[in-house]
Amino acid sequence: MNIAIVCYPTFGGSGVLATELGKALADKGHNVHFITYQQPVRLSGFHANIFYHEVRVPTYPLFDFPPYETALASTMVDVITNNNIELLHVHYAIPHAAAAYMAKQILLKQGKYIPVITTLHGTDITLVGRDKTYKPVVTFSMMESDVLTAVSENLKEETYKNFDINKEIEVIHNFVDVTRFNKKPVDAFRKLIAPNGEKIIVHASNFRKVKRVEDVINAFLLINEKLPSKLLLLGDGPERPAAESICRDCIAINNIKFLGKQEQMEDILPLADLFLLTSEYESFGLAALEAMAAEVPVISTNAGGLPEININGVTGYMSNVGDIEDMCEKAIAILSDTETHNKFKANALEQARKFDIETIVPVYEKLYERLLNKVTASTAMLQD
Ligand code: GMT
C-alpha cells in the first residue's frame with residue numbers, strides 16, 4: 001500500500017506512535033510518506049520505503065499567524081497526487097483532521113477519493129479539542145473522517161462524552177517494540193548514575209501541566225527519605241523551569257538529574273528500577289508502556305486510560321491524582337524487597353508483550369485493507 005501519515009514530529013507520544021507505525025509498515029513492504037513540518041524525532045536513518053515531505057509555511061508581512069493548516073492541506077494534495085497515495089492516516093485531530101478534510105475535498109474535485117483515518121490521541125479531545133474555539137471544527141472533521149480510532153477505551157468514552165458525534169470509534173491501543181526496549185542495562189552506566197547501588201527512579205514526559213511533574217519530585221523526595229535513590233527526569237517542556245527551581249531548594253538536589261530530551265529511550269529505561277507517572281490525565285501513557293517493555297514496574301495515577309495498561313498490584317501500583325504519600329508507600333513496597341521487585345518487573349514485561357508491535361501493527365494493516373476494499377467496491381458501484 002502507499003500510505004501517507006501526518007503527525008507532530010516532536011517527542012510527544014502521538015508523534016512517536018505515528019512514526020513507529022510508519023516504520024513498521026515500511027518494514028512490511030508498504031510505502032510510507034510522512035508529512036510533517038520537521039523530520040520526526042524517531043525517524044532517522046535510511047529506509048528504502050520511507051519518504052519524508054516537509055510542510056513549508058511561507059511567511060508574509062500580513063500574517064501575524066502563518067496559515068499552517070492551509071500549507072499542510074496543500075502539501076497533502078501534492079504528496080497524494082504525485083505518489084499515488086491510497087490512504088491518508090492523520091494522528092492527533094488538531095489541525096490534522098481538518099486539513100485532511102480540505103485535502104480530501106480538493107482531490108474529490110479532481111476525481112480522486114482519498115480515504116482518511118483519524119487517530120485520536122489525548123488532549124486533542126480531552127483538553128484542547130473541547131475548547132469552544134476549536135470544538136466545531138474538531139467535531140466536524142471527526143465526523144468527516146472515514147474511520148476514527150482512539151488509543152484507549154477511556155479516550156473513546158471521553159470522545160463520546162465531550163463531542164456530539166454518532167460515529168463508530170475503533171479502539172486500537174498503542175504499541176511498543178518489546179524486543180527493542182527489553183535490553184540488559186549497561187552496568188557501567190548504572191554505576192555512574194547510582195554509584196552506591198541507589199535505586200533509580202525515572203520519569204519521562206513533555207513537562208506540561210497535565211503531567212504534574214511537581215508530584216514526581218515531591219513523591220521522590222518522600223521516597224528518598226526512606227530509601228537511597230536517584231531520580232532521572234527525561235524530556236522537556238513548559239513546566240521544566242518550575243520543576244528545576246523546586247529541586248534547587250531541596251536537600252536531595254544531588255540525587256535528581258534533568259536529562260532533557262532523549263532519543264534513545266531504549267538505552268535509558270532499562271537502567272530504571274521504577275517509573276513514575278503522576279499525570280492528571282493520560283489517555284494511554286505510552287512512556288509507561290515503554291518502561292514496562294524495559295522490565296520496569298510503574299507507579300502511576302489511576303487517571304484516564306492508565307488502568308488499561310498498568311495493572312494495580314501486578315505491574316506496579318496506581319494512586320489517586322496528587323496522592324504523593326500513597327505513591328511513596330507503593331514505591332517503597334516494590335523497591336525494598338528484591339523478590340517483590342523482580343516479580344513486578346516480570347509482570348510489567350509480560351503485560352507490555354500484550355501491546356507488542358507484532359500484535360498491534362497488523363490491526364492497523366487490516367483496517368487499511370478493509371477501508372481500501374470498501375472504497376474500491378463503492379467506486380465500482382458508481383461506475384456500474
Ligand atoms: O494529547 C497529548 O497530550 C499529546 C499526545 C502526544 O502527542 O504526546 O499525548 C497523548 O498521546 C499519547 C500517544 O497516544 C498517549 O500515550 C498520551 O497518554 C496522550 N497524552 C494525554 O492524554 C495527556
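The figures that follow rest on heavy atoms only: side chains count, while hydrogens, waters and symmetry mates do not. Indexing begins at 1, ligand by ligand and atom by atom, following the structure's order.
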Open item on the list: Counting C-beta onward and ignoring hydrogens, is there a side-chain heavy-atom pair between L43 and I50 closer than 4.5 Å?
Closed with: yes
TODO: Sequence neighbours left out, what pairs pass side chain to side chain donor-acceptor pair (under 3.5 Å) with at least one residue falling in residues 282-294?
DONE: R42-E290, K211-E282, S279-E282
Open item on the list: Given a heavy-atom cut-off of 4.0 Å, could you list the residues near ligand 1 in chain and number order?
Closed with: G12, G13, S14, Y92, H121, G122, T123, V151, N174, R208, Y281, E282, S283, F284, G285, L286
Name every donor-acceptor pair, under 3.5 Å, that has one atom in a side chain of residues 1-17 and the other anywhere in the protein, sequence neighbours excluded.
{"unit_1": "N2", "atom_1": "OD1", "unit_2": "N31", "atom_2": "ND2", "d": "2.9"}
{"unit_1": "N2", "atom_1": "ND2", "unit_2": "N84", "atom_2": "O", "d": "3.1"}
{"unit_1": "Y8", "atom_1": "OH", "unit_2": "I94", "atom_2": "O", "d": "2.8"}

Task: Validation row, ring centre F284 to ring centre H121 under 6.0 Å - done: no
TODO: Check the side chains of T123 and Y281 for a donor-acceptor pair under 3.5 angstrom, ignoring hydrogens and angles.
DONE: no
With a cut-off of 3.5 Å and sequence neighbours excluded, list every side-chain donor-acceptor pair involving residues 54-61.
{"unit_1": "E54", "atom_1": "OE1", "unit_2": "Y52", "atom_2": "OH", "d": "2.7"}

